[in-house]
Each structure stands twice: as structure tokens, then as C-alpha cells.
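Everything on this sheet refers to the single structure shown next.
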Number of protein chains: 4
Amino acid sequence: MARAIDESKLNRIHAATLQLVVEHGYGGASIVSIARRAGVAEGYLYRFYPSKHELVVSLLFNKVNQLISKLKELLENDTVTRSIIEQLILGIFELAEIEKNDILFIHSLMHHYHFQISTSQREEIRLLCEQVIALGGRNGELEASLTPEEVYTMCFLYPIEFIHLRIKGFLGKTDWSAEEKQRVITFCINSLKPV
Amino acid sequence: MARAIDESKLNRIHAATLQLVVEHGYGGASIVSIARRAGVAEGYLYRFYPSKHELVVSLLFNKVNQLISKLKELLENDTVTRSIIEQLILGIFELAEIEKNDILFIHSLMHHYHFQISTSQREEIRLLCEQVIALGGRNGELEASLTPEEVYTMCFLYPIEFIHLRIKGFLGKTDWSAEEKQRVITFCINSLKPV
Amino acid sequence: MARAIDESKLNRIHAATLQLVVEHGYGGASIVSIARRAGVAEGYLYRFYPSKHELVVSLLFNKVNQLISKLKELLENDTVTRSIIEQLILGIFELAEIEKNDILFIHSLMHHYHFQISTSQREEIRLLCEQVIALGGRNGELEASLTPEEVYTMCFLYPIEFIHLRIKGFLGKTDWSAEEKQRVITFCINSLKPV
Amino acid sequence: MARAIDESKLNRIHAATLQLVVEHGYGGASIVSIARRAGVAEGYLYRFYPSKHELVVSLLFNKVNQLISKLKELLENDTVTRSIIEQLILGIFELAEIEKNDILFIHSLMHHYHFQISTSQREEIRLLCEQVIALGGRNGELEASLTPEEVYTMCFLYPIEFIHLRIKGFLGKTDWSAEEKQRVITFCINSLKPV
DNA sequence: AATGAATGAGTATTCATTCAT
DNA sequence: GATGAATGAATACTCATTCAT
């Protein structure tokens, strides 16, 4: 009988939060600015989240889940390690091309003092990296002694940092070509393959 | 003769700032807390820096310079690329062992929205990375088509991220052995060497 | 025929309001919490009261009326002052025993900045106290020069404060015995009787 | 070397807080209004108190202490119970005549949901009341079976409530004559004396 | 009739910065 | 020079009230 929840409002809050955290950092993304950009009342988001922190945590969780799901799916449908890694990194690039704020958002918060990728997601990542190692070990594509940390570093962190450095123009360039994507992949695979 | 600036006070301010930024993040390191820990008056540091931001920027600049100087020195005194890279990474580890806050400080701010490694330092880093590539190319130790970005990523960013992940216990472990340091070096060199 | 107002809903609102004001104070009893405890929608009570304030005022009015009616009834059916006072105070205790929130509610609001016993009720109380004085004067049970204020203080305020002090455990004890009730009555009568 | 703390500012904060709590209740005395009336910056009082609540608690403590000290002093210098009680009540009236907000402030908070006279002060009051009872028992001025609660109620609470009822004009009058003060005293003593 | 989505003015509190001493 | 008293704009969050459905 009361009016239905306007889903688009919640979406706009999410979008505004993501955008403002990317643009001005967590501290610079004030509730007022988020509400204003989303076109809702200041107090509205407290109907869904108990605090600004929780809102951002939840958003981070979802964005990281996207990445994890991508890798999970690849591992289920493919058995060539090289191809899995290639698809994963291409997937991260694709995400950055479609919605570059998603990657910048993850990047911004994974290094922020008050945030961390959740314990459960870290565990999931570790298991997936172990699967990659196991698979790569069986068909001789990867060095056997590889640690999950190394796989995580090269397959997740490295592409994310690469994209971040580019978008921020750290060493000049602010975008990337198809060749450069391939180079990131090659670079990653080379570092993981047996000596 | 005017009284000399009390160097020890300034040093204490620097130490307190570094420590508190690492412990509580930039936002959590308040001027009051910095002044209190340094044992000086709140207003005192404004004699040297126009703002908290400038103080931190300056500190970041110095800490990054340490790293750059290290590499510069190595490049001047050594001509074996492998050895240069090894020494650089060992140097970063050594810094983290002696004063882990230095690395955490750099890590914290290089990803912080309001900070960036300065343009001039970025340029210096680029030139040094090019020198490494040139040297490695001449004696066939490195792939010829390597970009400065790749060298920066593997020789600076990767060890720093590794140390950070460990100290924060991202995947469990919170320290590192001599073997693990060697592994980071090998991993880095493998990724850069010719295929 | 229009649907009758759902009396039970209104009752539940009243009960919830009373309870929450007693438990958390006027400020701590939010509309949401009242509505939730009553099992009605937030907006529902605005059909009956223009504001939270009016709701509470009306409730206070009713609760105070109970007390006034008690005394009125006693004055109509009894002519022994001592017995009237005894019955009144026992009545207040009884109320506190059956539904201690009623007394705590009155107590909480009669001292609250934004509330007051209504002018008309204050007048009623004054008249009743005068009746008590007149009656007590006629049969020599009470000091002739007594003021309504004194009667009000000893017969209403004192028992209410006593009950409140006990329930809150001001000086340790949190309940009262039959003897203690008698003592309150004696104490009250002693203070009002001729010297 | 820095400027000295302006004591008058702190005094003005205390005065403003007292006044505004009396005028608009605890909830109605906002930090902005307190600061504005005191002529200081909003944030200033946080140099002395960690919160609005603590500020008010501390003020209440001091005001109640005044009352307790008064009684203590009387008990040390006098041995006639009647005279002690008389002086105490006259002292409370005097306080209300000099600075009626002090009494209203105590009255407002002693009944407020979030405040209470501190445990230690309640204990002090209990001990003093016991002293009064002991003294009054020895020289036959007071009923032997009196409880501290009864003494507290008649000697503290009753005069405070009386003053409050008058100032608020509960039953019409808004001040009191010397005779009326004497009457309060007589009333109090009568209620406590042996039957 | 009854709901509860949505509002936004209001709250206490923080903290970098200024400047009288 | 060095201090720390004082400022006030900015912050996250609350909640009585309105009104579309």
C-alpha cells in the first residue's frame, strides 16, 4: 500500500558512492556529496546501511565478488592454465574498459587503512590460486613450487596495478592497446612458468 | 647569531608523523597526536610546513628518494643486471627489516587518493628503469623489448606489495625468510629475462 | 457503514508509547520504535495525533485522570479524612504494583521540561485538595491552615517520589512491604494533622 | 608563552549550560546554543569535557555538592536537630533566591532519564541523613525509627519540589514569603518529630 | 483506510589552522 | 622563537513528519 522502494535510488546511491570514492577517496566522499549526486535525501541511505563504512564495505565485497566469480567460472570451463590466466586478465581489462571505476574502486580500498578484502574472499582467492597451481602443475604449464601468493600477485594485483598506473598516467600513458594487454598476459605467464 | 633550528624537534616530528600515518592512516594521524608524540607544540610544525599535507608530501618525497638513491648507487657501481636487481630488492627488504614503517609509509601513501609520487621522482624512476633495460639489453640478461613500467612494477612495486601483504598477513604469513627473499628476486628476474 | 477504528491498534500504540517512554525517556522513544512495538505503521498514529508530543500529552492526561478520579471517588464515598488519604495512597501503590509503568510514566513527564500536568487538571487537583482540607478541618483531623499545595505534595507527590526512588533503587531498596506502605501513609497523615 | 586559558570563557560555558538546560531541558540545550550564549566557539568546550553529557554531569555534581557541603557544615557546627534542619532548608531557599537556576538545574536533572545523582553523593547523603537521625534520636527531637529515605525526602526533595512548583507556578503562585519558608520548615519538622 | 518510502533540518563532535602571548 | 588557546567549517548520523500508493 505504501509506495514501492525505488530501486533506482539505491542504484544511484551505489553509483554515486563508487564514483566519489574513486574521485576523492573514501574520506573525500562525504554523505552529503553522495546523496546530492544520487539525487536522494541525506538520511536515505541509512535505510539500507547502518553507516557509510558498511555501505562501502558492501560495495567492495560485490565488486571483488565479480572478479572472483570470473575466475571461478573460467576454472570450471577450461583446463588449459595458460588460457585460464589469459581469460582472467582479459576479463579484468574488459571490466576496466566497460566501467573503469570498478577497478579503481577496488584498487583504492584494497590499499586503504580502514578496509581489507574480507577474510572469506581472501580465503576464496587463495583456494582458486591453489587450483590454478594444481592444474598448471599437472599439465606442466606452471612451476610446481609456486605459492598462491605469487599467483595472486601476478594474476590479480599486477593487472590491477597496471590498470591503475595507466589510468593515473603514472609514467605518462593513460590507456592501453590490445598488444599491451597481450604483453601483460605474456609477462604474467612467463613469470609463473617453469624455468 | 640567531638560534639554530632545533633539528631534534624536527626529527621527532618526522618520526611521529611517519609512525602515526602508518598506524592510523593519513586521516587518523591528527596534528595534535603528531605534536604530542613528538613532544612539541601543535603550532610548531607550521613553521616548517604550510600544512599537514605538505609535511606528509615532503616526508614521502624523502622516503622515496632513499629508494631511488639506492638504485642509482647500484647502477653506478655494478654492471651485472642480475646483481643490481638482486641488490635493489634486498635493499628494500633490508629497509623493511630495519624500519618497516618506512615501507609501509610509502605503500600507504602511494595508493592514497591525495598523494602521488612526485612527477620529478617518477621521471627519475623511469630513467633508472631505462638504464636497467639498456644495461640488461647490452649483456643479454633482459628481454630487449621491456618497458620501464614493467621494470618498475617488478623491481619496486612487487617487492613493496609483497612486504605489505606479508606484514598485514593478507594470506596468513606475517614475516619472510631468507629463502623467500631469494624467491622474490628469482621471480622478478625470471619475469624480466629473455624468453 | 465505515469501518470502525481498530481500537486494539490504538491501544497497542498507547501501551508501546508508555512502555518506551518509561524505558528510554521521551527523547529515546522514537516513533519508529513505538510503531514497531505496537505492530502498526509509522504513519498510522498521525491519524489520531498531530505529533508525537500530542500523543504523549494525551496519554499523560489520561493517566493523571485515573489518579484524580480515584481521589474524587474516595471523596464522594467517604467522610473520614484519614481513611480517604489512606485509600488514595494505597490506590497509588496498587497502581504501581499492578502496572508500575503508569506511575513511572507520570513521574517521568511531570518533571520533563516539555510537559506539565494540564492547567485544568491542576485546577481539579487544587479543588480536591481544598475539599480534603475542608473536610479535615470540619472534623478536626487536619490542621486548619493547610494549603492545597501541602496536601498535593504529601498525598500525591510524596508517594509518587517514594515509589520512583524505590523502583530506581536510589538508596538501595527496589521494592516495598505492606508495613512500608503503612509507614508512608502514617508519615503523610502526621505531617498534615494539627499540632 | 601561549595565551593563558580565559577562565571567564569556561565560566560562561557553565553559566550558559545551566541556563539553557533549565530553560529548554537537556535535549533542548544544544551545543550550538550553549556556545552561542557563552560567546565561544562550538568546539571549545570539548577542550574541557569529552562530551555534552560529561559537561552536564560535572555541573550537576558540583551543584549537588554545594547542597551536601551545606548540610555537612551545619552538622559540624550545631547540635540542635531542629536548628540544623531549619538552617538546611533556609539554605536551599537562599540558594534559590540568589540563583534560582541552580535549584531548577538540579531538579531538572535529578528526574531526567539519563542522569542520576552520583552513587558517591547518594551515599554521602545517606550518611548525613543517618547522622541527623542519630542526633535527633539522642536528644529526643526525632522519631527513632526514621529512615534516611524519609529524612532525604523531607529535607531535600520536599523543599526542592516546593521551590520548583512555585517557580513554575504549578498552583498559581510563583514566589514565596518568609512565612511560607517557615511553614515549609515546620511542616518538615512536624513530619519527622516523634508522635 | 493504512502503509512505509522518503525527506531534510537538526544533532554532537572533530580537527587543521591561526595567532595572542 | 615556541606555545597552546581558540576557532568554526565540516562530518556522519537521527528521527519526526509527510504523502504517494
Side-chain angles (χ1 to χ4, degrees), chain A residues 1-7 9-10 13 27-36 39-55, chain B residues 2-6 9 27-36 39-55, chain C residues 2-6 9 27-36 39-55, chain D residues 1-7 9-10 13 27-36 39-55:
Chain A
M1 288 181 188
R3 99 199 77 152
I5 284 189
D6 187 338
E7 284 293 344
K9 282 193 178 168
L10 194 46
I13 288 173
S30 74
I31 294 291
V32 187
S33 67
I34 291 171
R36 191 132 51 206
V40 301
E42 274 177 62
Y44 189 56
L45 61 87
Y46 290 94
R47 291 184 65 79
F48 306 101
Y49 301 98
S51 69
K52 175 185 163 186
H53 190 263
E54 291 295 313
L55 159 63
Chain B
R3 196 181 329 173
I5 285 171
D6 188 336
K9 278 194 182 176
S30 73
I31 292 288
V32 189
S33 68
I34 290 171
R36 193 134 51 208
V40 302
E42 290 165 55
Y44 186 62
L45 58 86
Y46 287 90
R47 297 194 62 73
F48 307 102
Y49 303 99
S51 71
K52 176 184 165 186
H53 189 263
E54 292 298 312
L55 159 63
Chain C
R3 194 182 331 173
I5 285 172
D6 189 335
K9 278 193 181 175
S30 72
I31 293 289
V32 189
S33 68
I34 291 171
R36 192 133 51 206
V40 301
E42 291 165 54
Y44 185 62
L45 56 86
Y46 287 91
R47 298 193 60 73
F48 307 102
Y49 303 99
S51 70
K52 176 185 166 187
H53 190 263
E54 290 299 312
L55 159 64
Chain D
M1 285 178 192
R3 94 199 82 150
I5 285 190
D6 187 339
E7 285 291 344
K9 283 193 178 169
L10 194 46
I13 288 172
S30 75
I31 294 290
V32 187
S33 68
I34 291 172
R36 191 133 51 206
V40 301
E42 273 176 63
Y44 188 56
L45 61 87
Y46 290 93
R47 290 185 65 79
F48 306 100
Y49 301 98
S51 70
K52 174 183 164 187
H53 190 263
E54 290 297 312
L55 159 64

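Just so we're on the same page: letters track the sequence lines, and every chain starts at 1.
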side-chain hydrogen bond (donor to acceptor under 3.5 Å, both in side chains) partners of Ser51(C), counting only residues at least two apart: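 Applying side-chain hydrogen bond (donor to acceptor under 3.5 Å, both in side chains) to Ser51(C) gives none.
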Rounded to whole angstrom units, what separation is found between the [atom1] atom of [X] and the [atom2] atom of [N]?
X: Arg47(D); N: dT14(E); atom1: CZ; atom2: P; result: 14 Å
X: Ile5(D); N: dA20(E); atom1: CD1; atom2: C1'; result: 14 Å
X: Leu45(A); N: dC15(F); atom1: CG; atom2: P; result: 16 Å
X: Ile34(B); N: dG4(F); atom1: CD1; atom2: P; result: 17 Å
X: Arg36(D); N: dG8(F); atom1: CZ; atom2: C1'; result: 12 Å
X: Glu54(D); N: dA12(E); atom1: CD; atom2: C1'; result: 14 Å
X: Lys9(D); N: dA5(F); atom1: NZ; atom2: P; result: 11 Å

Check this one for me: any side-chain N or O of Arg3(D) less than 4.0 Å away from OP1 or OP2 of dC19(E)?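 For Arg3(D), the contact criterion (side-chain N or O under 4.0 Å from OP1 or OP2 of dC19(E)) is not met.
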From NZ (Lys52(C)) to OH (Tyr46(C)), nearest 0.5 Å: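 Reported value, rounded in 0.5 Å steps: 8.5 Å.
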Rounded distance (nearest 0.5 Å) linking atom CZ of Arg36(C) with atom CD1 of Ile34(C):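 Answer for the CZ-CD1 pair, Arg36(C) versus Ile34(C), is 12.0 Å.
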Holding to side-chain contact (heavy atoms from CB on, under 4.5 Å), I want the full list of residues that pass it with Lys9(B), two or more places apart in sequence or in another chain.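 Scan of Lys9(B) (side-chain contact (heavy atoms from CB on, under 4.5 Å), adjacent residues dropped) gives Asp6(B), Arg12(B), Val40(B), Tyr44(B).
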Residues two or more places apart in sequence or in another chain: which of them pass side-chain contact (heavy atoms from CB on, under 4.5 Å) with Leu55(C)?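 Counting only residues at least two positions away or on another chain, Leu55(C) forms a side-chain contact (heavy atoms from CB on, under 4.5 Å) with Ile13(C), His14(C), Thr17(C), Leu45(C), Tyr49(C).
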If you look at every strand shown and take non-hydrogen atoms under 4.0 Å, does Ala35(D) touch a base, only sugar-phosphate, or nothing?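 If one applies the 4.0 Å heavy-atom cut-off, Ala35(D) turns out to touch nothing in the nucleic acid.
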Let me know, please, whether Ala41(C) or Val40(A) comes out on the 5' side of the other along DNA chain E by nearest nucleotide.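 Closer to the 5' end of DNA chain E: Ala41(C).
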With nearest nucleotide decided by heavy atoms, which residue, Gly39(C) or Gly39(A), maps closer to the 5′ end of DNA chain E?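 Taking each residue's closest nucleotide, the earlier one in sequence belongs to Gly39(C).
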For Ser33(B) against Ala29(B), the heavy-atom pair lying closest together: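 In this case the closest contact between Ser33(B) and Ala29(B) is OG-C, 3.9 Å.
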For a quick test of reading the model, state the closest non-hydrogen atom pair linking Ile31(C) to Glu42(C) and the distance between them.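 Distance-wise, the nearest heavy atoms are CG2-O, 3.9 Å.
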Dot-bracket for DNA chain E, please. Rules: Watson-Crick or G-U, both distances under 3.5 Å, ( ) within the strand, [ ] when a pair crosses earlier ones, | for another strand, . otherwise. .||||||||||||||||||||
Interface polar pairs with nucleotides 11-14 of chain F, N/O, under 3.5 angstrom:
from    : atom 1 : to       : atom 2 : distance (Å)
dA12(F) : OP1    : Lys52(A) : NZ     : 2.7
dA12(F) : OP2    : Ile31(A) : N      : 2.9
dC13(F) : OP2    : Tyr46(A) : OH     : 2.9
dC13(F) : OP2    : Lys52(A) : N      : 2.8
dC13(F) : O5'    : Tyr46(A) : OH     : 3.4
dC13(F) : N4     : Glu42(A) : OE1    : 2.7

